[in-house]
Trainee: 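Here it is: the structure, laid out below.
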2 protein chains.
Amino acid sequence: MKILDIAEIVRQTGLPPSTLRYYEELGLIEPVGRHGLRRQYEPDTLMQLALISLGKAAGYSLEEIAGMFGGNGEPALSRPDLHARADRLEQQIRELTALKNAIRHVAECPAPSHMQCPTFQRLIRLAAKRQARQGARRA
Amino acid sequence: MKILDIAEIVRQTGLPPSTLRYYEELGLIEPVGRHGLRRQYEPDTLMQLALISLGKAAGYSLEEIAGMFGGNGEPALSRPDLHARADRLEQQIRELTALKNAIRHVAECPAPSHMQCPTFQRLIRLAAKRQARQGARRA
DNA sequence: CTACGAATTCAAGTCAACTTGAGGTCAAGC
DNA sequence: GCTTGACCTCAAGTTGACTTGAATTCGTAG
């Protein structure tokens, strides 16, 4: 069970075939061959797709993702680049954590206006620190 | 210094006026008045914009964000809804953390092919757990 | 009081990420 | 060997989030 038919990829990922073809067009994935017309993939492709999904969740564009991994899925970035991206992710994680805390706070805080609540303000300000710097790319 | 001219909002947020008008059109923000034609905002608007920015970073669409806060910026969700969203954020934070760890690992691991490296695979699989379930909405 | 710069309106354009539709082709089951 | 269902190609359409451009309007500096 070395090779997966596109139907199997569709089943396991939930992505429609059209999306897989689109990703292929962008050079994000590559079928290993065809069975008739049907694309066949290596199991690795499933992990590449997982990576793509994660990258998207992190706010990267498909083009950026394509730039990080060749069509083969092998990372193609310098060590400092990788660390820089990890640093950015850390910042983003801090922001999401603050947002999460703010939301939990709103769920519990009885204040009439949250925009005025100092705790809420502090949480948001914490989260949004350095947001002004360079629009948060795409979201 | 109670009211802010649009120019001041632009300066502090880095967002162009066109974006502010667009957000207004979607009901995300609302000027408190005009000075001539120029929109004037309350300071609260800055925090609303910070919230919008965070919401986008979390992957919410502007429409969803509009649904969470009325034009006034006051949250308009039930407590269970809020907690559900916070839960989702927590999951997302776990994913990003795993992605971050995977990236750091790639930066250090000398393996020739990361797609084959068991550590990398474990990290990604960890991150992508439950990704199949309901396409990760927009990214 | 005139000139200037920046914001305003409104329609149209752009870009990314897909999806849809028409018409075609297999491989497998009957 | 014929039908069928799912994928195929290729072009065009859609949606979300903005941006751009032309023509206009003000407040402020000079």
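Letters go in sequence order (proteins before strands), and every chain restarts at 1. Just the heavy atoms: all of them, side chains too, but no hydrogens, waters or symmetry mates, feed the values below.
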Trainee: Find the distance A:Glu24:CD to D:dC7:P and express it as a whole number of Å.
Mentor: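 Going from CD in A:Glu24 over to P in D:dC7 covers 15 Å.
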Trainee: Applying side-chain hydrogen bond (donor to acceptor under 3.5 Å, both in side chains), can you list everything that pairs with B:Arg38, at least two apart in sequence or on another chain?
Mentor: B:Asp5
Trainee: Tell me: CG of B:Leu62 to C1' of D:dT15, nearest whole Å?
Mentor: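 The distance from CG of B:Leu62 to C1' of D:dT15 comes to 12 Å, rounded to the nearest Å.
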Trainee: What's the CD1-P distance between B:Ile65 and D:dG16, to the nearest Å?
Mentor: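 These atoms are roughly 14 Å apart.
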Trainee: Going from CG on B:Asp44 to CD on A:Gln116, what distance comes out if it is rounded to the nearest 0.5 angstrom?
Mentor: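 Between atom CG of B:Asp44 and atom CD of A:Gln116 there are 5.0 Å.
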Trainee: Do the non-hydrogen side-chain atoms of B:Ile29 and B:Ile52 ever get within less than 4.5 Å of each other?
Mentor: yes
Trainee: Using a cutoff of under 3.5 Å, can you pull out all pairs of nitrogen or oxygen atoms linking the protein to nucleotides 10-12 of chain C, with atom names and distances?
Mentor:
none

Trainee: Scan A:Thr19 against the nucleic acid and name what it touches under 4.0 Å (heavy atoms): base, sugar-phosphate only, or nothing.
Mentor: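 Touches sugar-phosphate only.
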Trainee: Taking distance alone, no hydrogens or angles, what donor-acceptor pairs closer than 3.5 Å link side-chain atoms of residues 107-114 of chain A to residues at least two apart or in another chain?
Mentor:
{"unit_1": "A:Glu108", "atom_1": "OE2", "unit_2": "B:His83", "atom_2": "NE2", "d": "2.9"}
{"unit_1": "A:Ser113", "atom_1": "OG", "unit_2": "B:Glu74", "atom_2": "OE2", "d": "2.9"}

Trainee: Nearest-Å distance, CD (B:Glu25) to P (C:dA7)?
Mentor: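 In whole Å, C:dA7 P and B:Glu25 CD are 18 Å from each other.
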Trainee: For the side-chain contact (heavy atoms from CB on, under 4.5 Å) test, which of B:Leu49, B:Thr19, B:Thr45 pairs with B:Thr13?
Mentor: B:Leu49
Trainee: Using OP1 and OP2 only, check whether a side-chain N or O of B:Tyr23 sits under 4.0 Å from D:dC18.
Mentor: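 Yes, such a contact exists.
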Trainee: Specify the residue among A:Asp5 and B:Tyr22 whose closest nucleotide of DNA chain D lies further upstream toward the 5′ end.
Mentor: A:Asp5
Trainee: What is the distance, rounded to the nearest whole Å, between atom CG of B:Leu28 and atom C1' of D:dA17?
Mentor: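 Distance check: B:Leu28 CG to D:dA17 C1' gives 11 Å.
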Trainee: How would you list, by chain and number, every residue that makes a side-chain hydrogen bond (donor to acceptor under 3.5 Å, both in side chains) with A:Glu63, sequence neighbours excluded?
Mentor: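 Result, side-chain hydrogen bond (donor to acceptor under 3.5 Å, both in side chains) vs A:Glu63: none returned.
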Trainee: Return yes if a side-chain donor-acceptor contact under 3.5 Å exists between B:Gln91 and B:Arg88, otherwise no.
Mentor: no
Trainee: If the cut-off is 4.0 Å, is B:Ser18 near the phosphate of D:dT19, judged by side-chain N/O to OP1 or OP2?
Mentor: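 So the side chain of B:Ser18 is within the cut-off, an N or O lying under 4.0 Å from OP1 or OP2 of D:dT19.
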Trainee: Quick one: pull up CD1 in A:Ile93 and NZ in A:Lys100 and give me the separation to the nearest 0.5 Å.
Mentor: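 Taking CD1 in A:Ile93 and NZ in A:Lys100, the distance rounds to 11.5 Å.
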Trainee: Can you measure A:Ile9 atom CD1 to D:dC7 atom P for me and round it to whole angstrom units?
Mentor: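 About 12 Å, once rounded to whole Å.
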Trainee: For C:dT9, does OP1 or OP2 lie under 4.0 Å from any side-chain N or O of B:Arg34?
Mentor: yes
Trainee: Take nucleotides 23-30 of chain D nucleotide by nucleotide from the 5' end and write B, S or -, depending on whether a protein heavy atom sits under 4.0 Å from the base, only from the sugar-phosphate, or from neither.
Mentor: --SSSS--
Trainee: Only counting residues at least two apart or in another chain, list the ones meeting side-chain hydrogen bond (donor to acceptor under 3.5 Å, both in side chains) with A:Arg21.
Mentor: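 With neighbours one apart ignored, the set is empty.
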Trainee: Round to a whole Å and report the spacing from OH of B:Tyr60 to C1' of D:dA17.
Mentor: 19 Å
Trainee: Let me know the distance between CG of A:Leu15 and P of C:dC18, rounded to the nearest Å.
Mentor: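 Taking atom P of C:dC18 as the reference, CG of A:Leu15 is at 8 Å.
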